[in-house]
Amino acid sequence: MDGGRATHFDGPYVQIFGGLQMNAGDRDDTLVFDTTNDGKYDDQVTTIADVDAFGPGFCNGAANGATPAAGCRADKDKAEYGARIGYDRRMGNFVFGGLIEGTKGGARDATSGFSTTPASYTVQRKMDYSASARLRAGYTPNGGALFYVTGGGSYARIDHDFATTNMANDFTPQGDKKGVWGWQAGGGAEIMLTDSVSLGMEYLYNRYNDKNYRVLVTQGTAPATNPFLLDSGSTRLKGSNNRFDYHSVRATLGFQF
């Protein structure tokens with residue numbers, strides 16, 4: 001092993017990266033409801049004639065109009081970028097280390113429902129930024145290149161939004177806890193372009209526990225027979241999926257000290 005390769009992936013480094021945040025795929029997400037205000041989102045919103053008020057159905061994405069015929073806009077994948085600082089310890093051909101990084105992103109995930117009114121209701125969330133700490137472990141064939149796996153915890157700011165074509169009821173967002181905890185796991189590869197500069201590719205799966213945001217629906221100008229009011233005078237609604245997860249594919253540029 002030559003002297004330059006002996007120092008590869010051993011010691012402190014900084015990296016910058018850029019790539020794409022891609023939603024983890026559409027699911028059978030719906031809106032869920034708490035019409036009795038017992039904290040359990042397992043109720044059906046029904047009309048005074050005992051008909052499911054959300055019989056027209058749900059869609060993954062943001063509604064384009066008041067009825068399912070208008071369709072829904074697909075969830076959006078967005079670019080991400082950031083920087084990290086880390087430290088590796090090399091033992092022969094094996095590398096162990098840790099890193100701290102910050103990421104700015106913008107992936108969006110929305111769920112919409114349609115009522116018999118007709119009207120649409122959309123709950124949306126968007127990744128803003130995250131701060132993460134991960135371990136990584138890898139193999140280097142005598143320096144020059146590194147193949148690794150990585151995983152750890154992450155804290156993210158997620159922005160929420162609600163939109164509806166219902167102009168009768170009042171809608172009050174609640175529990176907009178922007179900071180949430182989650183985790184990341186993935187892997188990647190790096191090659192040393194020089195003894196101090198590396199170029200790499202990385203994949204991460206990201207998952208955050210996002211369950212607090214909900215919307216309180218009250219009477220507004222609607223009549224007392226409004227489906228949202230029949231059980232307890234109000235209803236809370238939210239998206240059925242308590243996870244916000246997405247994939248990250250990145251290119252990295254590193255500087256080893």
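Here, residue 1 is the first one in the sequence, and each next residue gets the next number.
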Ion pair Arg157/Asp159, N-O distance below 4.0 Å: yes
Partners passing side chain to side chain donor-acceptor pair (under 3.5 Å) against Gln184 (at least two apart in sequence or in another chain): Ser132, Arg134, Asn206
Check: Phe94 ring centre within less than 6.0 Å of Tyr139 ring centre: yes
Residue list, side-chain contact (heavy atoms from CB on, under 4.5 Å) with Ala49, at least two apart or on another chain: Thr47, Val51
N-O pairing of Asp128 and Lys104 below 4.0 Å: yes
OH (Tyr205) with more than 12 external heavy atoms under 6.0 Å: yes
Minimum heavy-atom distance between Phe244 and Ile158, given as atom pair plus value: CD2-CD1, 3.5 Å
Sidechain N-carboxylate O distance under 4.0 Å for Asp88, Arg136: yes
Side-chain H-bond candidate by donor/acceptor type, Glu190 with Ser198, under 3.5 Å: yes
Ring pair (Phe, Tyr, Trp, His ring centres under 6.0 Å) involving Phe96 - partner list, sequence neighbours excluded: none
Qualifying disulfide (SG to SG under 2.5 Å) pairs, either residue in residues 45-116, two or more places apart: Cys59-Cys72
Results of side chain to side chain donor-acceptor pair (under 3.5 Å) for Asn37 - residues two or more places apart only: Ser232, Ser234, Arg236
Asn166: partners by side chain to side chain donor-acceptor pair (under 3.5 Å), with sequence neighbours left out: Tyr121, Asn169
